[in-house]
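Structure first, commentary second.
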Amino acid sequence: MKKELEKTYNPRDIEDRLYQKWEEKKYFHAEVDKTKKPFTIVIPPPNITGKLHMGHAFDQTLQDILIRWKRMQGYNALWQPGTDHASIATEVKITDELKKQGIDKREMGREKFLEKAWEWKKEYGGTIVSQLKKLGSSCDWDRERFTMDEGCNEAVTEVFVKMHEKGYIYKGSRIVNWCPVCKTSISDAEVEYEEQAGHLWHIKYPLIEDDGSVSTTRFIEFATTRPETMLGDTAVAINPEDERYKDYRGKKVLLPIVNRELPIVEDSYVDMEFGTGVVKITPAHDPNDFEVGKRHNLQEINVLNDDATINANGGKFEGMDRYECRDAIVKELDEMGLLVKIEDYSHNVGTHDRCHTTVEPMIKAQWFVKMDELIKPAVKAVKEGEIKLIPPRMDKIYFNWTDNIRDWCISRQLWWGHRIPAYYCDKCGEVVVSKEAPKVCPKCGCEHFTQDPDTLDTWFSSALWPFETLGWPHETEDLKYFFPTDVLVTGYDIIFFWVIRMIFSSYEHMGTYPFKTVLFHGLIRDSQGRKMSKSLGNGIDPLEVIQNYGADALRLTIVTGNAPGNDMRFYNERVENSRNFANKVWNASRFIMMNMAEDAPSAIHQPMPSGLEPVDHWILSKLNKTIKEVTENMEKFELGIAVQKVYDFIWDEFCDWYIEMVKPRLYNSDNAVSHEAALWTLQTVLINALKLLHPYMPFVTEEIFCTLQDEEESIMISDWPVYKDEWNFTDDEKAIETIKEAVRGIRNVRTQMNVAPSRKAKVFVVSDKKEVLDIFTTGKLFFEALAYASESVCQTGKDGIADDAVSVVIADATVYIPFSDLVDISAEIERLTKEQKKLEGELKRSQNMLSNEKFLSKAPAEKIAEEKEKQQKYQQTYDQITERLAQLSK
RNA sequence: GGACACUUAGCUCAGUUGGGAGAGCACCUCCUUGACGUGGAGGGGGUCAGGGGUUCGAGUCCCUUAGUGUCCACCA
């Protein structure tokens, strides 16, 4: 039966059907197979609360391109999918949801809350997965994992206990970043600094004289951005080198309002150049002051509650909010005459990246991962190239973080997450860290324990993702075969949160690095270059784009014209272009199918017939080159360049030239050999081009492929095209390029002269070179098909050509079109003179280069040869134009 | 304060070992040719931010200036 396609490509009709077929046929599924080489990618697990956004689309498209390509290349390709429990994000969302229903999380209690959370996971966790499928992602869904499934839980506990035993995990009271709204500690990576307009309050504390009296004349003045923390001041610091304050050394000041005596300590931390060279020290609420406090054995007075209101240590301010208290204290100091002045001041304030609440540094007992040793192999991996970051500039960002790394605070005062496997003896408080609750206290023999209420940072489990998903801590075959993985694809925004932590975790627990290459992508921005955000409401919904233009168009848009790691702007005109391309491919295929005889076997598996003509060789040669280059680009992760080449080949070479050039042969079935050769070439080139395109546009390529095939097959499991020496036809390539040049010249002249397309004209090709005439003789019909020729004649001399014919000059030949009634000789002379001038310029440039001795002695030989060839061509053309001008001027 | 990136056609961007400036969109002219008007043919438009250097040769490498953006950083 004759195969047919619709007139336009309608992605909506086919995408879901094809995806379902792929899943049913298990094409995405990978099993250990030692006869094949593995290629593994683990998905950056999307949050269960998440809704598909452009960031996912970017991630997914790049991964899917790589995995589909490698699968076609014969690798045993595994794309390991899964989702993340996203501890804090999910907990906040559920808490808010409960609040709307008038339910308070604390009143509800931990157990009930977790039940609710699991219900939530069941209900919404699948949404994101079904959305990923809309993009065409070829993940092995049979292997789908969740960061809080049984296996991952086991891995997390294993790691925690092991690292605790090795001393890499410890509990300590230290300054942590505290979010007063989420009421949990957060890691340094989760703090986002925002430039905020604030004030610098200049305050003075009175000195305590040697006799113990409070001075009314001697003060020590300093500036602060946070006056309310004075409630927790336990010292004032000066630089030991600072001569201005030498009389104050060893003395004390009185902390007003609170009436506490504070020592004046000397610490080189104080910058003499800044302000007055004096710093008030609040060890409990500032990380630097905390360090100073440790060095000078200062008291640590916490003045804040978990919600950032003032606690009992704040005396009469107890219960006030931190900012309310600030105003009250400033007012009181002013009344006491201790406020010197207020300056406007802009400074960086740490905020929580989730809720943007100003973070409060507080001393808390938390669990930490000791980083100094762990980070070393992670630095080495990138330094020595064992892990390659793309683009390479990411190295610096990476090292900047590793060089300044601090211990990682991993405990969170949340419920949704992996609970810390630490147990406290109810009687003596002994801490036992173990996989299961201990039976007997090793210290006091008591049998009652309470588990640590805290959970772990989400990224603690994500850090294990590449190996826990393959079965670790068990020694599975999957792990041995698929690990380490090959490429990680992710946004540069989570390099610190995730990438680095996976690298050191993997090295620590697996003894090897988790992947060989990290391909970073940027952000997708709106048409004005703004970040897409909920508050701006400028987010573009990928599902809507798919609905309107198709998943292939979305994918192509995302990967086109973007260098690795760069942000991109997204707007519909770009997607329209991608959709148009899908339609172009569709219609080219449709045309080919229309010309295939009924019941004829598809040419795909047939050997090359003998009757191929130069133009067939030409397109095969072009295809061959494209195959080679595209594969090379993809190997270097230059996906944008690769797809551009496929696009150009299909649209410019195949559709605009080749198909047009073979049409006469298709419409004329008298010459069966030529007809067959054309059909074979059309199909062969199409199939190969579709294969090159498939990783980028899986749906349209599959639909065409399957329609074209006789048997039920899939392009996604077909072989990736390989460069073949026997498809190289250098001479034919050159010949067709010459014809194209002549055709373009004729079209050009006709447009310039405003000749209606309907007006055909006889075309004479004149050349004194036999091989050139041969080329045009075999290519005669191209002039008729492409250059409005009624007839074409190839000859050596000018016999029979009117003197005033229009001429098109190319290197080896001159094409004459007699248009006597239309030709304005002076205009013709002008046109040719212009061309002559242009050539003169080129010739000059070329001659300059070739007469430059240094160029000749230093440039590579092939470059010189290339330049000589060009010069020759220019000279030939130039001479012919000169000759033609002479004729016309007679 | 440090680091990184960007500055190329009206707009958005490619341009990866340095060797005659590209694409898409927009714009102008023409085309109801039997795959496609989501198309075809032709065209206009750029001193590749400014300056200096290396080189036979620089959009591409080095230095510098200016503008923009991002990340990092405890200066109270």
Side-chain angles (χ1 to χ4, degrees), chain A residues 5 7-9 193 200 222-226 229 237 269-271 273-282 286-291 345 347-348 350 361 391 393-394 396-397 399-401 404 492-493 495-496 522-523 527 529 549 553 557 560-563 565-571 573-574 576-595 633 636 638 640-641 644 647-648 655-656 659-660 663 667 744 747-752 754-758 785-788 842 845-846 848-849 852-860 862-864 866-867 870:
Chain A
L5 295 176
K7 195 173 172 183
T8 49
Y9 173 57
Y193 288 90
L200 206 49
F222 57 87
T224 179
T225 53
R226 308 195 50 200
T229 61
Y269 152 70
V270 181
D271 179 358
E273 308 296 317
F274 188 90
T276 57
V278 179
V279 184
K280 74 189 231 350
I281 302 296
T282 323
D286 183 285
N288 297 303
D289 293 8
F290 179 78
E291 298 298 327
Y345 191 67
H347 61 142
N348 275 334
R393 71 181 126 90
M394 291 298 166
K396 287 211 173 178
I397 296 170
F399 292 134
N400 184 266
W401 178 262
N404 299 298
Y492 60 68
D493 49 332
I495 181 166
F496 310 131
L523 257 45
S527 58
Y549 301 97
T557 306
T560 302
N562 181 253
N566 285 4
D567 292 353
M568 76 157 51
R569 294 195 198 195
F570 195 94
Y571 43 97
E573 285 84 346
R574 293 189 57 217
E576 273 173 33
N577 177 246
S578 301
R579 178 210 49 192
N580 294 354
F581 178 62
N583 190 56
K584 187 76 186 176
V585 174
W586 181 260
N587 269 290
S589 309
R590 178 166 166 258
F591 172 74
I592 293 168
M593 288 181 208
M594 283 166 62
N595 283 283
N633 286 127
K636 289 186 275 183
E638 295 163 355
I641 297 173
Q644 186 66 245
Y647 178 103
D648 289 343
C655 293
D656 288 347
I659 289 183
E660 294 307 323
K663 273 180 181 173
Y667 298 150
R744 269 195 291 254
R747 286 171 174 172
N748 226 309
V749 167
R750 289 179 61 110
T751 300
Q752 278 175 31
N754 282 320
V755 185
S758 53
L786 307 171
Y788 320 95
E842 295 292 352
R845 191 194 58 80
S846 201
N848 277 347
M849 257 173 112
N852 183 338
E853 266 176 49
K854 284 184 176 167
F855 173 73
L856 293 174
S857 61
K858 293 194 176 179
E862 47 187 284
K863 211 75 227 170
I864 297 170
E866 198 179 297
E867 201 57 44
K870 274 187 208 164

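Excluded from the calculations below are hydrogen atoms, water molecules and symmetry mates; all remaining heavy atoms, backbone and side chain alike, are included. So you know, we letter chains A, B, ... as the sequences are listed, proteins then strands, and number each from 1. Everything numeric here is computed off the predicted structure, so don't read it as measured data.
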Using a heavy-atom cut-off of 4.0 Å across all strands, would you classify [X] as base, sugar-phosphate, or nothing?
| X | answer |
| --- | --- |
| A/Lys858 | base |
| A/Lys636 | nothing |
| A/Phe290 | nothing |
| A/Gly275 | nothing |
| A/Ala563 | sugar-phosphate |
| A/Asp648 | nothing |
| A/Ile641 | base |
| A/Glu273 | nothing |
| A/Phe581 | nothing |
| A/Asp271 | base |
| A/Tyr9 | nothing |
| A/Arg226 | nothing |
| A/Glu853 | nothing |

Quick one: is [N] close enough that its OP1 or OP2 comes under 4.0 Å of any side-chain N or O from [X]?
| X | N | answer |
| --- | --- | --- |
| A/Lys663 | B/A35 | yes |
| A/Arg747 | B/G42 | yes |
| A/Asn404 | B/A73 | no |
| A/Arg569 | B/C13 | yes |
| A/Asn566 | B/A14 | yes |

If you take all heavy atoms of [X] and [Y], which pair is closest and at what distance?
| X | Y | value |
| --- | --- | --- |
| A/Thr560 | A/Arg574 | O-NH2, 3.0 Å |
| A/Pro757 | A/Tyr788 | O-CD2, 3.6 Å |
| A/Ser527 | A/Tyr571 | CB-CB, 3.8 Å |
| A/Phe855 | A/Met849 | CD2-O, 3.3 Å |

Of all the nucleotides listed ([options]), which has the minimum atom distance to the side chain of [X]?
| X | options | answer |
| --- | --- | --- |
| A/Arg393 | B/C4, B/A76, B/G19 | B/C4 |
| A/Lys396 | B/C75, B/U38, B/C4 | B/C4 |
| A/Thr8 | B/U38, B/C25, B/C72 | B/U38 |
| A/Pro860 | B/G19, B/A76, B/C71 | B/G19 |
| A/Pro757 | B/C30, B/G19, B/A35 | B/C30 |
| A/Trp401 | B/A73, B/U38, B/A14 | B/A73 |

In whole angstrom, give the distance that lies between atom [atom1] of [X] and atom [atom2] of [N].
| X | N | atom1 | atom2 | answer |
| --- | --- | --- | --- | --- |
| A/Tyr492 | B/C71 | OH | P | 7 Å |
| A/Phe274 | B/C74 | CZ | P | 15 Å |
| A/Arg590 | B/G34 | CZ | C1' | 11 Å |
| A/Asp656 | B/G37 | CG | P | 14 Å |
| A/Ile864 | B/C56 | CD1 | C1' | 10 Å |
| A/Gln644 | B/U16 | CD | C1' | 16 Å |
| A/Ile659 | B/G34 | CD1 | C1' | 14 Å |
| A/Asn577 | B/A14 | CG | C1' | 14 Å |

Which residue lies more 5' along RNA chain B, comparing A/Lys863 with A/Gly640 via nearest heavy atoms: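 The answer here is A/Gly640.
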
Residue whose closest nucleotide on RNA chain B lies nearer the 5' end, A/Gly561 versus A/Asn587: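 Result: A/Gly561.
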
If we take the [atom1] atom in both [N] and [M], what is their distance in whole Å?
| N | M | atom1 | result |
| --- | --- | --- | --- |
| B/A23 | B/G15 | C1' | 10 Å |
| B/G59 | B/U8 | P | 15 Å |
| B/G51 | B/A58 | P | 14 Å |
| B/A49 | B/G42 | C1' | 33 Å |
| B/G57 | B/G19 | C1' | 7 Å |
| B/C11 | B/G43 | P | 23 Å |
| B/C61 | B/U55 | C1' | 10 Å |
| B/C25 | B/U32 | C1' | 26 Å |

Has the side chain of [X] got a donor or acceptor that lies under 3.5 Å from a partner of the other kind on the base of [N]?
| X | N | result |
| --- | --- | --- |
| A/Glu638 | B/A14 | no |
| A/Lys584 | B/C36 | yes |
| A/Asn288 | B/C74 | yes |

Is there a Watson-Crick or G-U wobble partner for [N] with both distances under 3.5 Å, and if so, which one is it?
| N | value |
| --- | --- |
| B/U60 | none |
| B/G1 | B/C72 |
| B/C6 | B/G67 |
| B/G22 | B/C13 |
| B/G45 | none |

Sub-4.5 Å side-chain heavy-atom contact between A/Lys663 and A/Phe591: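 Of all side-chain heavy-atom pairs linking A/Phe591 with A/Lys663, at least one is under 4.5 Å.
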
Rounded distance [0.5 Å steps], CD in A/Glu867 versus CZ in A/Arg845: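 Output value for this atom pair is 5.0 Å.
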
Any donor-acceptor pair under 3.5 Å from A/Arg579 side chain to A/Ala553 backbone: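 Between the backbone of A/Ala553 and the side chain of A/Arg579 there is no qualifying donor-acceptor contact (under 3.5 Å).
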
Main-chain N/O of A/Thr8 paired with A/Asn583 side-chain donor or acceptor, under 3.5 Å: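 Between the backbone of A/Thr8 and the side chain of A/Asn583 there is no qualifying donor-acceptor contact (under 3.5 Å).
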
ring-ring contact (aromatic ring centres under 6.0 Å, His included) against A/Tyr549, all qualifying residues, sequence neighbours excluded: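 Here no residue qualifies.
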
Short side-chain donor-acceptor distance under 3.5 Å, A/Asn587 and A/Arg590: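 The answer is yes; a qualifying pair exists.
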
